[in-house]
Student: 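Handing you a structure now.
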Amino acid sequence: MLSFDDNLCWTRAGKARQHSERGVMVSSVDVANLPLARLVPLVGSERIAVLNEQAASFQERIGERTIWNINSTAQGGGVAEMLQSLVGYARSAGIDTQWLVIEGYGNFFAITKRLHNQIHGLGGDGGPLGEKERHDYDEVMDANLAELLELIDPGDLVLLHDPQTAGLADALKDHGAIVVWRCHIGIDESNEWTESAWAFLRPYLERVDHFVFSRPSYVPQWITRERVAIIPPSIDPFSPKNQELGADDVRRILTTMGLFDGAVDQPGEFIDYDGNRHVVEQSAEIVQFGASLDPAKALIIQVSRWDQLKDMPGVMAAFVERVLPETDAHLVLVGASVSDVSDDPEGAQVLSDVMAQWSRLSDAERSRVTLVSLPMSDLGQNAAMVNAIQRHASVVVQKSLAEGFGITVTEALWKSKPMVASAVGGINDQIASGCGVLLENPRDLQRFGDDIAGLLARPRAMDEMGRRAHAYVLENYIGDKHLLRYVDLFTSLLDSNP
Ligand code: UDP
């Protein structure tokens, strides 16, 4: 096994020099080991005993091999959020698991964002996916592969995440690795855009050993079912994003962020990814008009990357038209600071569109809508801020136009929050009957707003919904279930690749 230096970049003299003009392409994310035992009080000893048993026999089966996760960002978005905890739990179960992040340059991330939008059935920037794009994409893959092939041994298991890494598969297969491509995005019905994306990606994926999708309906027709595992994403109840926070810490964190007025007696605390107690001392970039948030007023939030598919403008418009006149609630739209999410080139444009829309509101309307960009320089603090705002919210919404599986939805349900969310993609699985309100047509602003106002008028129903939602997440979407599904998949792959 290789070791990594402090700044998380792998160091091997030859390769580092080879790409010196672009710098090192591949970095390793440092993840703390997380004991599975801490899940026992929540999910029960039986569930963890089953996982421990399976992990022990898998450990024998996998021997000296390493499992490598490869994606394109260490922060921002659901994949990074999940890897933080899954890698940590797998390691403490004795399975050598690593997480590598590849680098892109030129128009690589514009191409992969185009693929992302098209797999969701939308045109995105409307740009092409032709020979030029393939050439540019391949060049970035080759630059990363030069380093990856130094790290990965023949026989290792490689889990490639999303379109950004699909082009690595062939060379890794040639190298002797067992390769799984996991697609975290998708749409139930195919259309011309999904066809276009798959036409681009398919040549890279013909030889992978297995595929993972979040829902059966996301699997394109050209992939036979025997080659696919369906694994829905999960959350970690102890991560800084989801751990219990007391009311005082919530108030302190929101005050330090700049959402509430006044000074704090002491900074809000949380347990960080490394298991140590840390404090939130950073503030957020906040766009607001007039007074700060009144902690006593009902709060509606959506937390998302600044991405067209999350439809922040639709949330604002529906709130202003239908919720604001009926209630005294406040809306806060929360996203990661756009300068900090490296693989999402559209973020700045979407945020600037949202700000322009906000500035066109009347003063009275603007004073009820706040825009928040959270710093990502410290992932633990960022997560604790998301946690605090989700816990303070009265209603959480997710008005996505398309969604593979919205981790933010599960995060909010875990916190027993009543939700109004679009009935798109994985959200249909995530919000079971009675656990939230599903919006049939994600573009129906009137209905969306009325659903929110309707919920606010029924506090008892909101409580009941929140209780059911929490129980449903506990049963279905905690990391132990996710790891068991991986163990099954990897065991069968090792059986067929002795
Ligand atoms: N997120 C975050 N900080 C932010 C905004 C979002 O940590 O400032 C997280 C959010 O809490 C969730 C993830 O990013 O864990 C988004 O995952 P989701 O599956 O909802 O959407 P994706 O971004 O993957 O499309």
Side-chain angles (χ1 to χ4, degrees), residues 71-86 112-113 116-117 119-120 122 161-164 182-187 214-215 232-237 239-243 253 257 259 270 273 280 282 284-286 301-312 332-344 346-347 350-351 371-391 393 396-415 417 419 421-422 424-427 429-431 477 479:
N71 79 327
S72 63
T73 183
Q75 57 188 47
V79 179
E81 178 66 24
M82 265 188 300
L83 286 176
Q84 275 291 345
S85 54
L86 291 179
T112 58
K113 185 75 193 192
H116 177 96
N117 284 323
I119 290 179
H120 279 127
L122 297 159
H161 295 270
D162 283 334
Q164 293 91 327
R182 179 162 186 178
C183 187
H184 293 268
I185 53 184
I187 185 170
S214 302
R215 297 191 99 196
S234 62
I235 60 159
D236 177 17
S239 72
K241 181 76 57 72
N242 297 310
Q243 67 194 230
I253 291 171
M257 278 168 65
L259 271 177
F270 65 99
Y273 290 106
V280 171
Q282 293 185 333
E285 295 160 39
I286 295 181
I301 63 158
Q302 175 164 296
V303 179
S304 287
R305 284 177 300 106
W306 301 103
D307 181 319
Q308 288 178 49
L309 295 177
K310 310 292 183 182
D311 197 19
M312 295 287 215
V332 178
L333 299 176
V334 186
S337 172
V338 289
S339 51
D340 291 338
V341 182
S342 58
D343 69 344
D344 192 351
E346 281 174 13
V350 172
L351 176 58
L371 311 179
V372 176
S373 287
L374 299 179
M376 298 286 284
S377 54
D378 180 316
L379 284 188
Q381 290 191 52
N382 174 279
M385 291 181 200
V386 172
N387 191 348
I389 196 153
Q390 285 172 334
R391 287 188 186 280
V396 178
V397 302
Q398 191 62 50
K399 202 193 151 304
S400 302
L401 302 176
E403 193 69 72
F405 187 101
I407 304 272
T408 48
V409 171
T410 302
E411 287 163 1
L413 299 177
W414 174 248
K415 293 165 186 116
K417 295 297 162 181
M419 284 208 76
S422 307
V424 293
I427 296 179
D429 300 334
Q430 294 175 264
I431 301 189
Y477 297 123

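Quick note: residue numbers are just sequence positions, from 1. Order of appearance sets the numbers: ligands from 1, and atoms from 1 within every ligand.
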Student: Which heavy-atom pair separates I427 from A421 by the least distance, and what is that distance?
Tutor: CG2-CB, 3.8 Å
Student: Give the single entry among E81, Q398, H116, K241 that approaches atom 7 (O) of ligand 1 most closely by any heavy atom.
Tutor: K241
Student: List the closest protein heavy-atom neighbour of atom 18 (P) of ligand 1: residue, atom name, distance to the nearest 0.1 Å.
Tutor: I407 N, 3.5 Å
Student: Using a strict 4.0 Å cut-off to heavy atoms of E411, name the atoms of ligand 1 that fall inside it.
Tutor: 10 (C), 11 (O), 12 (C), 15 (O)
Student: What's the separation between atom CD1 in I235 and atom CD1 in I407, rounded to the nearest 0.5 Å?
Tutor: 8.5 Å
Student: Hey, which atoms in ligand 1 end up nearer than 4.0 Å to a heavy atom of F405?
Tutor: 19 (O)
Student: Under 4.0 Å from a heavy atom of G335: give me the atoms of ligand 1 that qualify, with their elements.
Tutor: 8 (O)
Student: Taking the side chain as every heavy atom from C-beta outward, state whether D236 and Y273 have any atom pair closer than 4.5 Å.
Tutor: no
Student: Identify the two heavy atoms, one from V303 and one from Q398, that lie closest to each other, and give their separation to 0.1 Å.
Tutor: O-OE1, 3.5 Å
Student: Closest non-hydrogen protein atom to atom 17 (O) of ligand 1, residue and atom name please, with distance?
Tutor: G78 N, 3.1 Å
Student: Do any nitrogen or oxygen atoms of S304 lie less than 3.5 angstrom from nitrogen or oxygen atoms of ligand 1?
Tutor: no
Student: Would you say that H184 contacts F405 through its side chain, given a criterion of any heavy-atom pair below 4.5 Å between the two side chains?
Tutor: no
Student: Have a look at ligand 1 and work out which part of L374, if any, has a heavy atom under 4.0 Å from it: side chain, backbone, both or neither.
Tutor: side chain
Student: Where is the nearest protein heavy atom to atom 3 (N) of ligand 1: which residue, which atom, and how far?
Tutor: N382 OD1, 2.9 Å
Student: Using a 4.0 Å cut-off to any heavy atom of G406, which atoms of ligand 1 qualify?
Tutor: 19 (O), 20 (O)
Student: Enter the distance from D378:CG to Q75:CD here, rounded to the nearest 0.5 Å.
Tutor: 10.0 Å
Student: With rounding to the nearest 0.5 Å, note down the distance linking OG in S304 to CD in E403.
Tutor: 7.0 Å
Student: Do you see a donor-acceptor pair shorter than 3.5 Å between the side chains of S239 and Q84?
Tutor: no
Student: Which residue and non-hydrogen atom of the protein lie closest to atom 23 (O) of ligand 1, and at what distance in Å?
Tutor: R305 NE, 2.5 Å
Student: Among protein heavy atoms, which sits nearest to atom 13 (C) of ligand 1, and what does the distance come to when rounded to 0.1 Å?
Tutor: G77 C, 3.5 Å
Student: To check your reading of the model: name the closest protein heavy atom to atom 21 (O) of ligand 1, its residue, and the distance in Å.
Tutor: K310 NZ, 3.1 Å
Student: Between the side chains of N117 and E346, is a donor N or O closer than 3.5 angstrom to an acceptor N or O?
Tutor: yes
Student: Closest non-hydrogen protein atom to atom 6 (C) of ligand 1, residue and atom name please, with distance?
Tutor: V303 CG1, 3.9 Å
